[in-house]
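So you know, we letter chains A, B, ... as the sequences are listed, proteins then strands, and number each from 1.
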Protein chains: 2
Amino acid sequence: MPVQRNECPVEAVMSMLSGKWKIPIYRCLYKNNRPVRYSELQRHMPDISKKILTEQLRELERDGIIERKSYPEPRPRVEYMLTSSGRSMIGFLDMMSDWSVQHGWINK
Amino acid sequence: MPVQRNECPVEAVMSMLSGKWKIPIYRCLYKNNRPVRYSELQRHMPDISKKILTEQLRELERDGIIERKSYPEPRPRVEYMLTSSGRSMIGFLDMMSDWSVQHGWINK
DNA sequence: CGGGATCCGTGACGATACTG
DNA sequence: CAGTATCGTCACGGATCCCG
């Protein structure tokens, strides 16, 4: 996904969140509400390949939704967490979820 | 786009609105707030081909977001409008728009 | 451990021509 | 006018292997 500074604000946001694994990543980071390691994300989503996971993380980072911290220890460690900007997306995400439930598209 | 009764409510909604022209179509129908003809939609979005326009309209209709009415007169006429369900999406769409503006992704 | 490099299949999107 | 039918392209997602 390229950077899309679209004229339409809605499309701009949709573009940032479109990507097969971005919502699952977001949910994992939001629920845990703490720095989460790369390998933890992998365990949480067994079906994603490293290439794609890294790709989606890079895009979320580029768009200011998550933050990446690298600790170059002997055993390399990388942690991801939502930025405050990213956290603030929960407003419309919750509304989308409610809409979905109310209109019978989902069980949960 | 296939029907995606995803386990995740957010992804379900995203799936319904993902499609290059769905937001533009939604905006046109929302702003006008009346039945809009097929040809009018074409004029409003000159860069979309008939095949794609029809495709996106069919998906929006299938997902209960818009309604299609056909008047088989000598000069065939087809009108589209948002369902009440579709109209109620404006809640989170407006929030997305506001978020986008607040976080400096857009001018408008 | 947390990636990057390479190759590849598939499906969204589009151009164009035709039709009831 | 409001669509189908057909064909082509391209980029997203994925499998696999390699690296510091």
Establish whether B/Met81 and B/Leu93 are linked, either directly or via other cluster members, by ILVMFWY side-chain heavy-atom contacts under 4.5 Å. no
Between B/Val10 and A/Leu17, does a side chain to side chain contact (heavy atoms under 4.5 Å, CB included) hold up when you go through it step by step? CA-CA 11 Å; B/Val10 174; A/Leu17 293 179; over 6 Å; no
What about A/Lys51: does its side chain form a donor-acceptor pair under 3.5 Å with the base of D/dG14? yes
Give the ring-plane orientation class for B/Tyr80 versus B/Tyr38, where under 30° counts as parallel, over 60° as perpendicular and anything between as tilted. tilted
The answer to which of A/Pro76 and A/Thr54 contacts DNA chain C further toward the 5' end, by nearest nucleotide, is A/Pro76
Identify whether any heavy atom of A/Tyr71 sits under 4.0 Å from a base atom; if not, whether one sits that close to sugar-phosphate; answer base, sugar-phosphate or nothing. nothing
Rounded to the nearest Å, what distance is computed from the CE atom of residue B/Met16 to the C1' atom of nucleotide C/dA12? 19 Å
Does OP1 or OP2 of D/dC1 have a side-chain N or O of B/Arg37 closer than 4.0 Å? no
Gap between atoms NZ and P, on B/Lys69 and D/dA2 respectively (whole Å): 16 Å
Are OP1 or OP2 of D/dA2 and a side-chain N or O of B/Arg77 less than 4.0 angstrom apart? no
Looking only at side-chain N and O atoms, does B/Arg75 come under 4.0 Å of OP1 or OP2 in C/dG20? no
Nearest listed nucleotide, side chain of A/Ile52, among C/dG2, D/dG13, D/dC1: D/dG13
Atom pair distance, as rounded to whole Å: CD in B/Gln42 and C1' in D/dC1: 9 Å
Give a yes/no answer on whether the side chain of B/Ser39 brings an N or O atom under 4.0 Å of OP1 or OP2 in D/dA2. yes
Between C/dG3 (C1') and A/Leu41 (CG): distance, integer Å: 14 Å
Whole angstrom is fine here: how far is it from CZ in B/Arg58 over to C1' in D/dG3? 7 Å
Side-chain atoms of A/Gln56 come closest, of D/dG13, C/dG4, D/dA2, to D/dG13
Below the 4.0 Å mark, does D/dG14 have OP1 or OP2 next to a side-chain nitrogen or oxygen of A/Lys20? yes
Please confirm whether the backbone N or O of A/Glu67 pairs with a side-chain atom of A/Thr83, one donor and one acceptor, at under 3.5 Å? no
In this structure, would B/Val36 and B/Ile90 fall into the same cluster of hydrophobic residues linked by side-chain contacts under 4.5 Å? yes
Without decimals, in angstroms, what is the distance between A/Glu40 CD and C/dC1 P? 12 Å
Contact under 4.0 Å: A/Trp21 side-chain N or O vs D/dC12 OP1/OP2: no
Nearest-angstrom distance from the residue atom CG of A/Leu53 to P of D/dA15: 13 Å
If I take atom CG in residue B/Leu57 and atom P in nucleotide C/dA12, what distance separates them, rounded to the nearest angstrom? 17 Å
Is there a side-chain polar atom (N or O) of A/Tyr80 under 4.0 Å from OP1 or OP2 of C/dG3? yes
NZ/NE/NH1/NH2 to OD/OE distance under 4.0 Å, B/Arg34 and B/Glu79: no
Between B/Arg68 and D/dA2, is there a side-chain N or O to OP1/OP2 distance below 4.0 Å? no
